[in-house]
Amino acid sequence: MLKIYNTLAREKQIFIPMVAGKVSMYVCGMTVYDFCHLGHARVMVVFDMVSRWLRSSGLDVTYVRNITDIDDKIIKRANENGEDISVLTQRFIDAMDEDSALLGVLRPDIEPRATAHVDGMIDMISALISKGHAYHAENGDVFYSVNSFAKYGKLSGKSLEDLRAGERVEVDTFKRDPMDFVLWKSVKPNEPSWDSPWGKGRPGWHIECSVMGACHLGKHFDIHGGGQDLQFPHHENEIAQSEAANDCTFVNYWMHNGFVRVDDEKMSKSLGNFFTIRDVLKKYDAEVVRFFILRAHYRSPLNYSDKHLDDAKQALTRLYTALRGADVVAKVDETAATYEAFKAAMDDDFNTPEAVAVLFDLANTFNKSGDLAAASQLKGLANILGLLERSPEVFMQGGSTDGLDVSAIEAKITARVEAKKAKDFAEADRIRQELSAQGIVLEDGPHGTTWRSA
RNA sequence: GGCGCGAUAGCAAAGCGGUUAUGCCGCGGCCUGCAAAGCCGUUUAGACCAGUUCGACUCUGGUUCGCGCCUCCA
């Protein structure tokens with residue numbers, strides 16, 4: 001029985017899909033004007049894990065993750081670069097795809113782009129205007145009237161009075177209420193635009209997700225996810241738009257992942273304290289990064305530092321070390337107690353830290369007993385999380401070898417074996433130290449000497 | 001100011017009203033020519049103050065500290 005923490009209810013709830021056996025899930029994806037940072041990596045990995053677990057549980061999942069390819073920052077960046085918006089966005093979509101593939105993130109079933117749904121947005125905005133939930137203001141923009149939606153604030157737990165009391169809300173004279181938000185922006189010089197009943201312009205941000213969700217999953221669907229920072233105003237506004245326009249519940253379960261932090265502060269573009277995925281991957285194996293993310297619960301804050309990634313690398317190495325030379329196929333035995341424990345953890349709001357602990361228990365069991373069933377189970381359960389998918393040798397020899405190629409390393413190993421045979425332990429130790437200085441660790445086992453990257 | 005979240009051992013991170021979380025690091029031992037890996041053992045917990053209870057890290061209240069949202073943000 002899967003339980004999901006529903007932001008809307010502020011508690012874990014038993015997950016009941018609208019259609020038995022099927023799950024419709026929408027996740028707010030990236031605005032593509034720059035490389036993805038670790039915060040984006042967390043969203044991608046977390047909801048990849050969620051979709052994998054749902055599928056592993058036998059559910060037929062339709063996973064939609066949108067791409068925002070039109071917005072203020074994109075326009076600004078394209079103008080700065082003097083390039084076409086579509087060239088800019090495609091370049092960063094490609095980069096995102098590369099990064100996510102390295103992180104073991106499976107492609108969502110549908111990746112709709114905002115620019116391909118402008119007609120749908122115009123339709124929804126028209127519907128909102130005709131129902132009295134939106135108005136065409138003097139400056140040409142179309143705004144959503146928050147007063148017209150009684151449940152405004154139900155997701156974020158905010159009331160309009162409290163929001164208005166905040167001094168930080170900039171007063172826009174064209175709005176009827178300071179909290180009203182823009183649905184359609186009238187065209188400005190050097191900006192792309194689309195024709196609409198309100199003249200040339202372009203959509204506001206929030207409307208795209210309402211439209212793309214409905215277009216691909218229906219007006220009412222199961223799960224909507226995203227980063228915690230989208231809870232307000234983005235998701236609140238999505239609810240207001242969708243429910244006012246469609247006269248039905250928009251989403252049953254709202255999921256929000258916690259932030260990646262640096263020095264206990266949120267990693268963000270505006271704070272400038274972000275690390276791009278590709279920067280981190282220069283130093284750390286992508287699976288280590290994925291493991292680092294899944295080792296923490298998705299709703300908890302996750303502090304980034306080299307020390308923590310080093311720690312994650314050591315831990316993941318322990319799992320791979322256990323499987324080294326085991327030559328087993330991943331195979332999940334659902335009757336085993338370890339599966340029960342793993343399932344119980346995952347069904348408890350995707351408790352990956354506890355699920356990962358089961359992996360270590362299995363590694364320990366296998367190390368002690370050599371029971372191949374434990375190794376298969378370890379690999380099988382880890383694979384559900386998108387972990388331990390490579391051969392141990394590839395993982396363990398994949399680090400920095402200081403420019404040495406494999407044949408050179410093997411030649412050194414052969415020379416050392418000869419020295420050992422001749423009882424020349426001084427020479428044997430010298431060779432090992434030489435390799436050690438280059439990041440190679442030699443290990444003498446019952447079946448000969450093996451090597452790995454430090 | 002409004003709303004919300006959190007505080008667990010050296011570090012990271014979970015569950016749980018009473019029974020070893022887990023990983024990394026440290027220490028002792030086994031194994032090894034020496035190592036490494038592994039195995040066994042082991043040191044460090046539950047911010048603070050009250051309350052409920054036979055019993056609280058776990059529930060309740062308060063205090064302190066940290067963080068987030070309220071503006072673009074995953």
Looking across every strand, which nucleic acid part, if any, lies under 4.0 Å from [X] by heavy atom: base, sugar-phosphate, or nothing?
| X | value |
| --- | --- |
| A:D361 | sugar-phosphate |
| A:S270 | base |
| A:F425 | base |
| A:L359 | nothing |
| A:D72 | nothing |
| A:R261 | sugar-phosphate |

Is the Lys NZ or Arg CZ of A:K283 less than 6.0 Å from the centre of A:F275's six-membered ring, within 45° of the axis?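 Here A:K283 fails the 6.0 Å and 45° test against A:F275.
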
Is the terminal nitrogen or CZ of A:R65 (NZ for Lys, CZ for Arg) located under 6.0 angstrom from the six-membered ring centre of A:F47 and within 45° of that ring's axis?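 No, A:R65 does not sit over the ring of A:F47.
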
Would you please indicate if the ring centroids of A:F250 and A:F221 are separated by under 6.0 Å?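 Ring centres of A:F221 and A:F250 closer than 6.0 Å.
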
So, for A:F35 and A:F92, is the gap between ring centers shorter than 6.0 Å? yes

Does a side-chain N or O from [X] land closer than 4.0 Å to OP1 or OP2 of [N], or not?
| X | N | answer |
| --- | --- | --- |
| A:N364 | B:rC39 | yes |
| A:W205 | B:rC73 | yes |
| A:Q314 | B:rC25 | yes |
| A:R318 | B:rG38 | yes |
| A:S300 | B:rA14 | yes |
| A:N367 | B:rC39 | yes |

Between B:rA12 and B:rC34, how far is it from one C1' atom to the other, in whole Å? 33 Å

Select one nucleotide: of B:rA74, B:rC39, B:rG33, the one nearest the side-chain heavy atoms of A:K368. B:rC39

Of the listed nucleotides (B:rU22, B:rC72, B:rA74), which one gets closest to any side-chain atom of A:A357?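 Between B:rU22, B:rC72, B:rA74, the one nearest the side chain of A:A357 would be B:rU22.
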
